[in-house]
Amino acid sequence: VSIARVALDVPIDTLFDYRIGAHTVRPGQLVVVPFGKRRLVGIVFELTAESQVDNARLRFIQSVLPLDPLPADVLSLIQFASTYYRCPIGEAAFTSLPAPFRQPRYAPAEKQKSYSLPQSVRDALLETIPRRAILLHRIVDALSRAPALTREEARQLSPRAPAALEKWVKSGWIESRLTEVTEQVLDLPLQEDAKLSLTADQANALAELEQGCGKYSPSLLEGITGSGKTEIYFQLIVRALERGQQTLLMVPEINLTPQLEARFHARFDARRLVTLHSNLSSGERARRWMAAASGRAGVVLGTRLSVFAPMPRLGLIIVDEEHDASFKQQEGLRYSARDLALVRAQRLGIPIVLGSATPSLETFHNAQKKKFRHLRLSSRPGAKLPKVRLIDTQSIAMAGGLSEPVLEAIRQRLQRGEQSLIFLNRRGFAPVVVCGACGWVGECGRCSARLVWHLKDAVLRCHYCGHEQRLPLACPTCGDQDLQGLGQGTQRLEQTLAGHFPSARILRIDRDSTRRKGTWDGMLKEIHGDAVDILVGTQMLAKGHDFPKLTLVAIANPDGALYSADFRASEKLFQQLMQVSGRAGRAHLPGEVLVQTRFPTHPLYQALVSQNFPELAEQMLAERQQAGFPPFVAQALLRAEAVSESTVNAFLKRAAKEGATLIEGDVTMYDPVPATMARIAGRHRAHLLMQSPLRPALQRFLQVWTPKLEQLKARNVRWIIDVDPLEL
Ligand code: ADP
Ligand code: ZN
Ligand code: ZN
């Protein structure tokens, strides 16, 4: 062996050969190599004795980075992802690698300030702290458990902790010094497990899941919010830890809230839990990544990118809210982290649990076909199921988008001191602005989208490209001053509610109201601190938060999605409605859900009333089968965009022509069509859809077709293959 085959972060789909020389190199290791005139970090994928390239031209590896090598299963997952999603191997490999490791000059010995508390002064220090200063007591507690507490760890205890520590250093209570840090895992006190006795459903599910231990065994754990899924994850993780195995627990982007993190920290700190997401500083991400790679972190709790986390002792994967769209990356390596997690589990021979209240139809179908074990939790141990009532808006008067039964229900909550949530998935004041005289409609000049009226800033804003303009005083076409906002946005709903309930404390939560960093956290505190009576908000509110006093959820206007062109729209709508309904009612307060609709007999709403997902899922699957949609076929899109419409179309036509000569077997290629959003920020967008009932046939076609596309030398066109697309 004298040659290393190395992946580099360059847009060429190949491994590059380098001579190893005097270094000791293993697969998975990060090495520094010369590339043209540059030096790059690369990942060693293979070692071989000989290269296809003329040996005289091969260059030498310059150095090996002092890091644990990526385990074989991660390398194999990257290779799979690169092939399956048609992404150059280097780009796929570097998608998840923390930025510091891409530096050829990477040096791990970073120094960080750390604090330690001599045992002898511990009690004396404690005496100076007021009894009720809980935070300070926690800091001392953490200090006396660990040999040293780093600044970063202290910050995780509380943003105010570093300042408190500095004060103690100044007064001589504790010592500080610079230490080398190679990992960042907290070691907080382990809280006593709440000794719950599992429900029969839970016990049964747990027993079945335990049977899958030690081999590839995929399971769907279906249960509504509050049915105790997380509790089962806890128990599975504890057992894995006892066997000396690591667990990867993946959650949607928006669900990785401080609340969830705290809940896990409370159970697992002592056994070392790290969270991994894109919102960390790159240094912090690197340290946590190393904690996973070294095997010291027993649990990695992360968002989609954590599917690539190196975990040498990985024994269990859990994907919570497996249906969530944020598991699919929408740029670069367009992977589905849920699907890759299944591949990873299969190749490693370990169990994987997919949890959801409303499984994706793909997963549900797999469970029906018995490819996945199907487990159900049908009750809520801590609370009753919410009562869902449909309000037929065809036969009832509406005032500003709200019906009398909804207003009455809110009134009752106000009297009882409980919270209400009004859900409307549309931010802004009014989604459309029109001129009453000539019919002019406010549209974005750069997108095929209407401008949304935002009342507070008095602007019209495009929600696709961000374009913003002042609300015109008069119609730009006819000069009439009677411009009207049509439809309801969250801002208008907020205004309507304030009119009805002048003394209620109303809080609007959407991307506009939480735009500034930190406001969202502040708002969560207000909600929990009982400073809010009525919440108005978009789907930001639907996920991952428990509001103990929330007993009413009213869904203002959900009908739009029922007749959308997107065949997944009703699936998504139902997932959203179930999720937001799940916010209603907790421990001792039963919840109520009111849905305003013009179609109360629609099966989707009926399923919401009966909280019967399986029946609806079966019906939706039957429709998909008949129409020939996923999961009964596999799809791939060639997406293209360019400034000029004719450039896009010409490219797609050439691509289609190339494709037509290559098609074999049961693969269908459709004509190029404009994307649902045909123009965004001045670029025209269109696509070609390929599909096949046989995934391997489609894959074979893509393998031969994509190289041809690269040869088309399409200038001024950006294109990408999207395998298993979620949106058209
Ligand atoms: P999910 O993850 O399905 O939303 P959780 O596991 O978070 O459900 O459980 C919801 C609530 O019910 C939590 O407060 C949890 O502590 C509680 N809970 C879960 N299982 C039990 C049980 N067997 N007995 C009592 N309470 C439970
Ligand atoms: Zn006009
Ligand atoms: Zn726009």
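Residues take their numbers from the sequence shown, with the count starting at 1. Atoms within each ligand, like the ligands themselves, are counted from 1 in listed order.
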Apply side-chain hydrogen bond (donor to acceptor under 3.5 Å, both in side chains) to residues Glu322 and Ser356 and explain how you reach the verdict. CA-CA 6 Å; Glu322 65 84 29; Ser356 177; 4.7 Å; no
Around the Zn ion (ligand 2), list the protein N/O/S atoms within a radius below 2.8 Å, excluding water molecules.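 Protein N, O or S atoms closer than 2.8 Å to the Zn ion (ligand 2): Cys435 SG, Cys438 SG, Cys475 SG, Cys478 SG.
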Taking everything shown except Glu615 itself, do over 12 heavy atoms lie less than 6.0 Å from its CD?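 Counting other residues, nucleotides and ligands, CD of Glu615 stays at 12 neighbours or fewer.
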Around atom OH of Tyr464, are there more than 12 heavy atoms of other residues, nucleotides or ligands at under 6.0 Å?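 Counting neighbours around OH of Tyr464, 12 or fewer heavy atoms of other residues, nucleotides or ligands fall under 6.0 Å, so no.
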Result block: side-chain N/O donor-acceptor pairs under 3.5 angstrom for residues 473-484, not counting sequence neighbours:
{"from": "Asp480", "atom 1": "OD1", "to": "Asp482", "atom 2": "N", "distance (Å)": "2.7"}
{"from": "Asp482", "atom 1": "OD2", "to": "Gln484", "atom 2": "NE2", "distance (Å)": "3.2"}

No-hydrogen, no-angle side-chain donor-acceptor test under 3.5 Å, Thr647 and Asn716: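 No, no side-chain donor-acceptor pair sits under 3.5 Å.
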Between Thr676 and Asp566: side-chain donor-acceptor atoms closer than 3.5 Å: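 Thr676 vs Asp566: no donor-acceptor pair found between side chains.
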Looking only at heavy atoms, what is the nearest atom pair of Gly487 and Pro431, with distance?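 Between these two residues, the closest heavy atoms are C-CD, 3.6 Å.
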Those protein residues which place at least one heavy atom below 4.0 Å from ligand 1: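 Within 4.0 Å of ligand 1, the protein residues are Leu196, Ser197, Leu198, Thr199, Gln202, Ile224, Thr225, Gly226, Ser227, Gly228, Lys229, Thr230, Glu231, Arg263, Pro381.
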Ignoring water, what protein N, O or S atoms are under 2.8 Å from the Zn ion (ligand 3)?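 Result, waters dropped: Cys444 SG, Cys447 SG, Cys462 SG, Cys465 SG.
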Does the pair [X]/[Y] count as a salt bridge with the N-to-O cut at 4.0 Å?
X: Glu592; Y: Lys387; result: no
X: Lys328; Y: Glu727; result: no
X: Glu418; Y: Lys549; result: no
X: Asp141; Y: Arg138; result: no

Ring geometry between Phe613 and Phe364 (parallel below 30°, tilted from 30 to 60°, perpendicular above 60°):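 Ring orientation, 0 to 90° scale: perpendicular.
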Counting only N and O atoms by type, is there a donor-acceptor contact under 3.5 Å from the side chain of Arg344 to the main-chain atoms of Val307?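 Yes.
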